[in-house]
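These notes concern the structure reproduced below.
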Amino acid sequence: MVADMKLVVKPHIAISTDTTIGKAPHYFDELPHDEELRLANLFKVLDVDGNGKIDIHDLSEALREFGLHHRYAQSFIERADANKSSDISLAEFIQYVRDHEKNLRLGFSHLDRNKDGKVDLEELIMAFKELGVDVEVNEAKKLLQR
């Protein structure tokens, strides 16, 4: 009976019904499309050499333009690089930023001790310290001036 069986192979044709063709790939179902585009655009700004990954050189150069020391780049890479490849993919970047933005939002009311809707110099330094990053007063002032 086995000899009578025929194997029929049909070519597989994939048809995409994805309406986001030409847009940023959708990484997280729960992430609104406009939020994903915002993060993808930020990723592109930080990916200075345009190779689709953020490495220490890209991030150091981008942070230098904001007046920040390159040690922040190393710290960010170490924390965001989930697969320990020494660079950050868009998916890793989105996940890391989303996790940390949630933490910042949750902590904002705690940080804004005078409840004026803004974070002053002292509050900013404390916020970074709570995230495990020591920021010098001059660097914090530069951030607040932006």
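Note that the structure is a prediction, hence the values are computed from the model and not measured. Only this structure's heavy atoms are used, side chains among them; waters, hydrogens and symmetry mates stay out.
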Response to the item:
Tightest non-hydrogen contact, residues Ser89 and Lys53, listed as CB-NZ, 3.8 Å

Item to complete: Using a 4.5 Å cut-off on heavy atoms from C-beta on, say whether the side chain of Ile125 contacts that of Val137.
Response: yes

Discussion item. To the closest 0.5 Å, what do you measure between CG (Asp34) and CG (Leu39)?
Written reply: 10.0 Å

Worksheet item: Do Phe43 and Val48 belong together in a cluster built from hydrophobic side chains that touch within less than 4.5 Å?
Response: no

Worksheet entry | Residue pair Asn51 / Asp58, side-chain heavy-atom distance below 4.5 Å | yes

Fill in: Electrostatic pair Glu61:Arg64 at N-O distance under 4.0 angstrom
no

Discussion item. Does any part of the side chain of Leu90, heavy atoms only, come nearer than 4.5 Å to the side chain of Asp47, both counted from C-beta?
Written reply: no

Worksheet item: With a 4.5 Å heavy-atom cut-off, do Val135 and Leu124 have their side chains touching?
Response: no

Worksheet item: Is Lys115 atom NZ crowded by more than 12 heavy atoms from other residues, nucleotides or ligands, each under 6.0 Å away?
Response: yes

Worksheet item: Has His70 got more than 12 heavy atoms of other residues, nucleotides or ligands less than 6.0 Å from its NE2?
Response: no

Discussion item. For His57, I'd like to know if atom NE2 has over 12 heavy atoms of other residues, nucleotides or ligands within 6.0 Å.
Written reply: no

Item to complete: Taking the side chain as every heavy atom from C-beta outward, state whether Glu139 and Phe128 have any pair of such atoms under 4.5 Å apart.
Response: no

Worksheet item: Any side-chain heavy atom of Leu59 sitting closer than 4.5 Å to one from Phe76?
Response: yes

Practice prompt. Hey, could you give me the CD/CD distance between Glu101 and Glu35, rounded to the nearest 0.5 Å?
Written response: 5.5 Å

Response to the item:
The reported gap from CD in Gln95 to NE2 in His100 (rounded to nearest 0.5 angstrom) is 10.5 Å

Practice prompt. State, with a plain yes or no, whether a side-chain heavy atom of Asp55 is found less than 4.5 Å away from one of Ile77.
Written response: no

Item to complete: Any chance you could measure Arg71, atom CZ, to Ser60, atom OG, to the nearest 0.5 Å?
Response: 12.0 Å

Worksheet item: Can you name the closest pair of heavy atoms from Phe93 and Ile54 and give their distance?
Response: CD1-CD1, 4.0 Å

Practice prompt. Measure the shortest side-chain to side-chain distance between Glu92 and Asp81 over non-hydrogen atoms and say whether it is less than 4.5 angstrom.
Written response: yes

